[in-house]
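What follows is one structure encoded as structure tokens, with my remarks underneath.
Heads up: numbering here begins at 1 and tracks the sequence. All figures in this text were calculated on a predicted structure; none of them were measured in a lab.
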Amino acid sequence: MRYRVLGPLDVQGPEGPVALSPKLRDLLATLLCHAGRPVSPGRLADVLWAGRPPGAAAETLRGYVHHLRRALGPGRLASHPAGYVLHVAAGELDAAAFTAAVGRGRDAWAAGRPREAAEAFETALALWRGGAAYEEQDHLAPVHQEALRLGELRLSAVEESLEARLALGCDADLIGRLRNLVRLTPLCERPRARLALALYRTGRTAEALEVCRQGRHLLAEELGLDPGPELTALEAAILCHDPALTTHTAPGLILST
């Protein structure tokens, strides 16, 4: 069985796609957010009916569970003294594979292996099929929280992937992606600093300084703040053409010197 949630919910069985009704998809999404852990019938009813379960909710929920069990096959959705447990084997859930790949990337980066880190982050990001996790079940409270967590981890993985590629000297190839990231997170200083660094390294000093200037203006206009030490140090280093900026190593180490 394969469960894909990094985009619209998709379930693939041994014989192909598993068709589920909207309510069964909601039930499955909720159980996937708690994979391997029991969820009480009361909690499931609150989620499925947005805190207002009907009088026959318990019986209706048992019917949903019965139909979902038949759709998924034996041994996957089990009863438990505390409720129902969805058993998901290793490699079956793309969100778990994504989280594990990000962890491998972070371990490799911390160990000073930027190429391995970049490959792990790219592997993680390639699992996404849409703009948000659980796209069609985001209205369910626990699913919404899990989708937010995965979305934040995705954004961090994008930043960390670019960081690793920058350390490998892929400056020119990264400028477009860094510009997109700055557009998505205009008040975040780190992506802006990485863009300015990549521009400087490719001989576009004026553009690099303009990126820093725009960041300073936005922070003052939107938050009433001055740039942090990282962006400030980078701008100063660009102005004096610090030779350390052209050394391809971990960018965080470059900008802290």
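Side-chain contact between Val5 and Phe98 is absent, with no heavy-atom pair separated by less than 4.5 Å. At a threshold of 4.5 Å between non-hydrogen side-chain atoms, the residues Val47 and Asp26 do not count as touching. The shortest distance between side-chain heavy atoms of Leu166 and Asp171 falls below 4.5 Å. Residues Cys33 and Gln137 are not in side-chain contact: their nearest non-hydrogen atoms beyond the backbone lie 4.5 Å or more apart. With a 4.5 Å cut-off on side-chain heavy atoms, Pro53 and Leu48 do not count as touching. Side-chain atoms of Leu44 and Leu31, non-hydrogen and from C-beta on, do get closer than 4.5 Å to each other. Using a 4.5 Å heavy-atom threshold, the side chains of Leu32 and Leu28 count as touching. By the 4.5 Å heavy-atom criterion applied to side chains, Leu199 and Glu210 are not counted as neighbours.
A salt bridge does not link Glu189 to Arg192: none of the charged side-chain nitrogens sits closer than 4.0 Å to a carboxylate oxygen. In summary, Arg190 and Glu159 do not engage in a salt bridge, as defined by a charged side-chain N under 4.0 Å from a carboxylate O. Salt-bridge annotation for Glu146 and Arg149: present, with a side-chain N of the basic residue lying under 4.0 Å from a carboxylate O of the acidic one. A salt bridge links Arg194 and Glu230; the closest N-O separation between the charged side-chain nitrogens and carboxylate oxygens is under 4.0 Å.
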Start with the C-alpha distance between His144 and Tyr134, add both sets of side-chain angles, then the distance that settles side-chain contact (heavy atoms from CB on, under 4.5 Å), and finish with yes or no.
CA-CA 8 Å; His144 178 72; Tyr134 293 99; over 6 Å; no

Worked verdict on Thr99 versus Leu150 for side-chain contact (heavy atoms from CB on, under 4.5 Å)
CA-CA 8 Å; Thr99 302; Leu150 290 168; 4.2 Å; yes

Could you check Glu59 against Arg62 for salt bridge (charged side-chain N to carboxylate O under 4.0 Å, His left out), going step by step and ending with a plain yes or no?
CA-CA 5 Å; Glu59 183 179 349; Arg62 283 194 294 271; 5.3 Å; no

What verdict does the side-chain contact (heavy atoms from CB on, under 4.5 Å) test give for Thr60 and Lys23, after you've listed the backbone C-alpha separation in whole Å, the side-chain angles of each residue and the deciding distance to 0.1 Å?
CA-CA 11 Å; Thr60 303; Lys23 215 62 173 176; over 6 Å; no

Checking Tyr84 against His34 for the side-chain contact (heavy atoms from CB on, under 4.5 Å) test, could you report, in this order, the C-alpha distance in whole Å, the side-chain angles of both residues, the deciding distance, and whether it holds?
CA-CA 10 Å; Tyr84 299 104; His34 301 83; over 6 Å; no

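Atoms CD and CG, from Glu160 and Leu162 in turn, are 10.0 Å apart once rounded to the nearest 0.5 Å. Distance CG/Leu187 to CG/Leu218: 6.0 Å, rounded to 0.5 Å. Separating the CG atom in Leu178 from the CZ atom in Arg165 is a distance of 12.5 Å, to the nearest 0.5 Å. Rounding to the nearest 0.5 Å gives a distance of 11.0 Å between CD of Gln214 and CZ of Arg216. Interatomic distance, CG of Leu209 versus OH of Tyr200, reported as 9.0 Å (0.5 Å rounding). From Leu9, atom CG reaches atom CD of Glu135 across 11.0 Å, with rounding to the nearest 0.5 Å.
Looking at Glu92, its side chain does come within 3.5 Å of a backbone N or O of Ala89 through a donor-acceptor pair. Ser161 contributes no side-chain N or O that, together with a main-chain N or O of Ala157, makes up a donor-acceptor pair within less than 3.5 Å. Judged by distance alone, with hydrogens and angles left aside, the side-chain atoms of Arg115 form no donor-acceptor pair with the main-chain N or O of Leu168 at under 3.5 Å. Counting only distance, with no hydrogens or angles, the side chain of Arg201 and the backbone of Leu245 share a donor-acceptor pair below 3.5 Å. Looking only at distances, no side-chain donor or acceptor of Arg4 sits under 3.5 Å from a matching main-chain atom of Asp94.
Linking ILVMFWY side-chain heavy atoms closer than 4.5 Å, directly or via other members, places Val143 and Leu148 in two distinct hydrophobic clusters. Under the 4.5 Å side-chain heavy-atom criterion for grouping Ile, Leu, Val, Met, Phe, Trp and Tyr, Val65 is connected to Tyr3 within one hydrophobic cluster. The hydrophobic clustering, which links ILVMFWY residues whose side-chain heavy atoms are closer than 4.5 Å, places Leu93 and Trp128 together. Residues Leu6 and Val88 share a single hydrophobic cluster, defined by chaining ILVMFWY side chains whose heavy atoms lie under 4.5 Å apart. Hydrophobic cluster membership differs between Leu231 and Ile175, with clusters built from Ile, Leu, Val, Met, Phe, Trp and Tyr side chains linked at under 4.5 angstrom.
Nearest heavy atoms, Ala82 versus Pro41: O-CD, 4.3 Å. The shortest non-hydrogen separation linking Leu219 to Pro227 is CD1-CA, 3.7 Å. When every heavy atom of Arg129 is checked against every heavy atom of Gly7, the shortest pair comes out as NH2-C, 3.9 Å. When every heavy atom of Ala164 is checked against every heavy atom of Pro114, the shortest pair comes out as CB-O, 3.6 Å. Summarising the geometry of Ala78 relative to Arg69, their closest heavy-atom pair is C-NH2, 3.7 Å, with the distance given to 0.1 Å. Pairing each heavy atom of Gly131 with each of Arg154, the nearest pair is O-NH1, 3.3 Å.
Under 3.5 Å, the side chains of Arg177 and Asn180 contain no donor-acceptor pair of N or O atoms.
No more than 12 heavy atoms of other residues, nucleotides or ligands lie within 6.0 Å of CG in Asp226, so this atom counts as exposed by the packing criterion.
Classified by interplanar angle (parallel below 30°, tilted 30° to 60°, perpendicular above 60°), the ring pair Trp49/Tyr64 is parallel.
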